[in-house]
Amino acid sequence: MELDGQLFRNYNELYALIMCCYKDVSLIDAYGILQKEKRDSYERVPDISNHFVLLMQKDLALTLCKIYCDNTKNANTVPRFRNEILRKSSSTQKQVEKVKTKNDIEDKLKNMRNQFLAHADMNRSSSKIEISELKEMLDAICGVFNKVCEVIDNDRITGISKEDIDLQNMICSTELFALYEQN
């Protein structure tokens, strides 16, 4: 199957956004290590450190909304990409299940986006989402994205491997620790 220009752009954008989410998770985890094991480095610049962590948490949540929950007409989401590829695919044997997430996480994420992340509602619900829940959602979305990439069967299209994620994680951690070790 050959992807036309727009579908190929959609693929590239989704690939980059999913990797961006994994980068956010990697950096949040690395900041957690800094807080526990290298507290003096972290506390040299606590306002900046805390601000960066908050920004990464928000970016992770908003990007997950963007690639999964957005239901506007022209949104480039993994579910829409999946549906478009399956519609155009000539192979009827390859099926890709829909992304399965915990229903409550999707609802909490949408509420958080609408009340706090994208707007500043005066009356907000007090829902809380753990990073581990967002990571679980990300893994499910990435799994479906990878299965869609297999359906495409094109050398230019690859899924996101565990090795890709692990390499990015190592690079992010190493670079962040190096940044905090500088005097």
task: Report the C-alpha distance between Asp166 and Lys162 in whole Å, list the side-chain angles of each, state the deciding distance to 0.1 Å, and finish with yes or no for salt bridge (charged side-chain N to carboxylate O under 4.0 Å, His left out).
output: CA-CA 6 Å; Asp166 289 346; Lys162 182 178 177 347; 2.8 Å; yes
task: Return yes if a side-chain donor-acceptor contact under 3.5 Å exists between Asn10 and Tyr15, otherwise no.
output: no
- prompt: Judged by atom type as modelled, is there a donor-acceptor pair below 3.5 Å linking the side chain of Asp164 to the main-chain atoms of Ile160?
  reply: no
- prompt: Side-chain donor-acceptor pair under 3.5 Å between Ser26 and Asp29, yes or no?
  reply: no
message: Test your reading of the model: is there a side-chain donor-acceptor pair from Asn169 to the backbone of Ile165, 3.5 Å cut-off?
response: no
- prompt: If you group Ile, Leu, Val, Met, Phe, Trp and Tyr by side-chain heavy-atom gaps below 4.5 Å, do Ile48 and Leu27 land in one group?
  reply: yes
- prompt: If two hydrophobic side chains count as joined below 4.5 Å and joins carry through other members, does Leu60 share a cluster with Leu55?
  reply: yes
All salt bridge (Lys or Arg N to Asp or Glu O under 4.0 Å) counterparts of Glu130, not counting sequence neighbours: Lys128
- prompt: Would you say the side chains of Arg80 and Thr77 form a donor-acceptor pair under 3.5 Å?
  reply: no
task: Please assess Met112 against Ile129 for the test side-chain contact (heavy atoms from CB on, under 4.5 Å), listing each intermediate value before the final yes or no.
output: CA-CA 9 Å; Met112 190 174 280; Ile129 303 174; 4.0 Å; yes
message: Pair Lys147, Glu150 - check salt bridge (charged side-chain N to carboxylate O under 4.0 Å, His left out), show working.
response: CA-CA 5 Å; Lys147 287 179 182 169; Glu150 290 172 14; over 6 Å; no
message: How close do Met137 and Tyr68 get, counting heavy atoms only, and between which atoms?
response: CE-CD2, 3.3 Å
query: Can you list every pair that meets ring pair (Phe, Tyr, Trp, His ring centres under 6.0 Å) and has a residue in residues 128-178, with sequence neighbours left out?
result: Tyr11-Phe145
